[in-house]
Amino acid sequence: MSVTAKPAVAAPPARVATGPALATHQVAAFVVMVALLVSAPFFVYPVFLMKALCFALFACAFNLLLGYVGLLSFGHAAFLGSAGYASAHAAKVWGWPPELAILFGTVMAGALGIVIGALTIRSRGIYFANITLAFAQMIFFFSLQAKFTGGEDGIQAVPRGTLLGVLDLRHTYTMYFVVLAVFLLGFLVVYRAIHSPFGQVLKAIRENEPRATSLGYQPEHYKLIAFVLSATLSGTAGATKAIVFQLASLTDVHWTMSGEVVLMTLLGGMGTVFGPVAGAFLVISLEHYLAQLGSWLTIVQGCIFIVCVLTFRRGVVGELGRLLGKPL
Amino acid sequence: MTSDVILETEGLTKEFRGFVAVRNVDLRVRRGTIHALIGPNGAGKTTCFNLLTHFLTPTAGRIRFNGRDITGSRPATIARMGLVRSFQISAVFPHLTVLENVRIALQRRRGSSFDFWRSDRVLDALNARALELIDAVGLVEFAATPAVELPYGRKRALEIATTLALDPEMMLLDEPTAGMTHEDVDRITALIKRVAANRTVLMVEHNLSVVETLSNTITVLARGEVLAEGDYAGVARNAQVIEAYMGAGHA
């Protein structure tokens with residue numbers, strides 16, 4: 001409705017406002033977000049916040065694919081989980097420092113992303129969701145059976161270690177700010193990718209793929225890069241999470257995790273910059289504060305999801321952006 | 001001799017589960033001409049376009065562009081060689097602005113399209129050229145308007161500007177004036193004439209007065225086969241063509 005009401009045609013600008021100048025409202029939103037996240041650990045349980053931040057990064061990475069390429073992967077747990085195993089193994093068995101362990105997990109997820117992406121990127125819609133799920137199930141099975149993952153027990157008692165040899169991560173606040181830094185870095189990578197020449201082509205492909213092809217773009221190449229980028233950052237989230245919780249377990253490779261990130265992204269607002277962050281915090285808060293409901297939690301979650309889809313389809317941030325008339 | 005012909009097909013055939021949409025079409029488009037492909041509905045014109053740009057794979061036959069066999073080349077590769085198509089349904093990127101639409105095409109030639117680590121402000125360097133192209137199709141006042149908000153005729157103009165941004169040696173236009181108002185038809189006709197000055201155009205068109213104004217050569221397709229070929233006057237007198245258009249009895 002708002003689209004047709006815009007008087008853009010009636011009032012042509014004399015000299016065209018050209019390049020998308022850095023949107024000030026997004027900068028403002030970013031500053032608010034950073035301020036909240038920096039002060040939050042002094043009011044809220046930091047371990048909870050760290051969990052939410054890891055998932056926020058995971059959701060942002062996922063949103064790059066769903067919101068900006070239009071591909072619904074139902075197997076992103078594979079990247080989160082296997083990066084967790086990789087970094088936990090590196091930190092515990094090989095005794096690597098946390099920065100290298102996280103980097104290793106990230107790289108492994110990226111490599112896995114190249115393999116899975118190359119095999120799946122040509123399919124679309126429900127087929128893409130299915131085939132990514134199938135691959136994720138293979139990774140799950142592998143994680144269950146392989147020796148180094150510890151099967152049902154996972155990899156426990158992973159040492160947090162000392163970051164760059166100076167920051168002792170056993171201190172909760174130190175760990176928190178490291179996680180925050182990792183999250184912000186990942187968030188900015190996603191933001192930049194969306195607002196880059198590459199992101200512009202992605203948008204074009206999402207809008208009209210045959211036309212993009214007819215202009216000489218090979219859509220699969222762009223989709224694959226986005227997929228690998230998404231997988232890599234999901235890996236960063238998983239690897240960091242394993243260090244924070246000193247644990248890599250089957251939960252993170254399970255298909256329900258792939259579903260949870262879909263929920264976070266849709267609840268927050270897919271295709272928005274801040275939506276996945278809000279969505280992740282919402283879902284993790286629900287799980288945290290409604291934990292005493294036990295298995296009823298999924299029912300409550302389901303109801304919230306239904307209400308969300310029925311009433312505000314764009315997600316929390318998407319609706320907020322619409323009310324403000326500015327994309328967030 | 002061959003350098004005179006830019007695009008050539010030989011026995012081009014496309015079957016869909018027993019139904020032959022295009023049968024044994026030999027097309028020869030001369031460099032620097034405007035060549036029209038006409039024919040009644042279902043004659044296989046659009047299928048032909050899809051085959052030429054490999055949006056469909058031919059069942060049989062060869063396609064040569066500039067002497068090179070492009071039968072098996074991928075659509076994006078064919079576009080890069082300089083054979084660029086438009087679509088029957090207006091092909092714009094609806095939620096990008098007019099400027100951004102044209103820039104997408106310019107960006108491909110510039111070659112920084114994989115850079116996901118650079119700000120999209122580097123694309124501003126393309127704005128001047130993009131605005132020139134937008135101006136050429138009379139859309140300069142809409143440069144900041146999302147394409148979805150343009151009226152239909154303007155969308156087609158935008159599509160042509162986007163195609164021109166690639167500076168293609170040859171343009172394939174699929175019904176460039178379909179669904180347009182009279183003024184729009186005149187504007188687009190003039191535009192096609194102008195941009196065809198130093199390139200080759202192959203177009204599918206239903207509006208016969210547009211065909212008459214623009215084309216040097218006309219190929220008439222009916223039921224997937226070439227019925228007649230020649231200039232407008234010659235084709236218009238052809239008894240088979242009249243029959244195909246009007247039905248038996250009028251010829």
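Below, all heavy atoms of this structure are taken into account, side chains as well, without hydrogens, waters or symmetry copies. Within every chain, numbering begins at 1; the chains are lettered A, B, ... in the order of the sequence lines, protein sequences first and strands thereafter.
- Looking at B:S73 and B:H54, their side chains never bring a donor and an acceptor atom within 3.5 Å of each other.
- A donor-acceptor pair under 3.5 Å is formed between the side chain of B:D69 and the backbone N or O of B:T71.
- Considering only heavy-atom pairs separated by less than 4.5 Å from chain B, the leading option among A:P210, A:A212, A:G199, A:A193 is A:P210.
- Note: A:G216 leads A:A204, A:S214, A:G216 in heavy-atom pairs under 4.5 Å with chain B.
- Ranking B:L83, B:V84, B:L96 against chain A, the residue ahead of the rest is B:L96, based on heavy-atom pairs under 4.5 Å.
- With sequence neighbours excluded, the residues forming a side chain to side chain donor-acceptor pair (under 3.5 Å) with A:S73 are A:H76, listed by chain and number.
- Without hydrogens or angle criteria, A:Y217 side chain to B:R108 main chain gives a donor-acceptor distance under 3.5 Å.
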**Request:** Carefully, step by step, assess B:D184 and B:K155 under the rule salt bridge (charged side-chain N to carboxylate O under 4.0 Å, His left out).
**Result:** CA-CA 11 Å; B:D184 281 340; B:K155 275 190 194 140; over 6 Å; no

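- For B:F16, the CZ atom is densely surrounded, since the number of other residues' heavy atoms within 6.0 Å is greater than 12.
- Remark: B:R74 engages no residue in a salt bridge (Lys or Arg N to Asp or Glu O under 4.0 Å) (not counting sequence neighbours).
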**Message:** Set out, in order, the CA-CA distance, both residues' side-chain angles and the distance that settles side-chain contact (heavy atoms from CB on, under 4.5 Å) for A:F187 and A:F274, then state yes or no.
**Reply:** CA-CA 9 Å; A:F187 180 87; A:F274 295 95; 3.6 Å; yes

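- Within residues 221-228 of chain A, the residues having any heavy atom under 4.5 Å from a heavy atom of chain B are, by residue number, A:H221, A:Y222, A:I225.
- Heavy-atom pairs under 4.5 Å with chain B peak, among A:T213, A:I194, A:L202, at A:T213.
- The pair A:R192-B:D115 fails the salt-bridge criterion, with no side-chain N (NZ, NE, NH1 or NH2) lying under 4.0 Å from an Asp/Glu carboxylate O.
- Between B:F55 and B:F87, the ring planes lie perpendicular to each other; the angle is over 60°, past the 30° to 60° tilted range.
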**Prompt:** Hey, mind stepping through A:T236 and A:T106 against side chain to side chain donor-acceptor pair (under 3.5 Å) and telling me if it holds?
**Reply:** CA-CA 5 Å; A:T236 310; A:T106 304; 3.3 Å; yes

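- For a heavy-atom cut-off of 4.5 Å, chain A lies close to B:T163, B:L166 in residues 163-174 of chain B.
- B:S119 touches chain A through backbone and side chain together, each having a heavy atom under 4.5 Å away.
- Heavy atoms closer than 4.5 Å to chain B are found in the side chain of A:E220, but not in its backbone.
- When the candidates B:A79, B:A130, B:P94, B:P75 are compared by the number of heavy-atom contacts under 4.5 Å with chain A, B:P94 comes out ahead.
- Applying the 6.0 Å contact sphere to CD1 of A:I126 captures no more than 12 heavy atoms from other residues, nucleotides or ligands.
- Between the B:T59 side chain and the B:E15 main chain, a donor and an acceptor come within less than 3.5 Å of each other.
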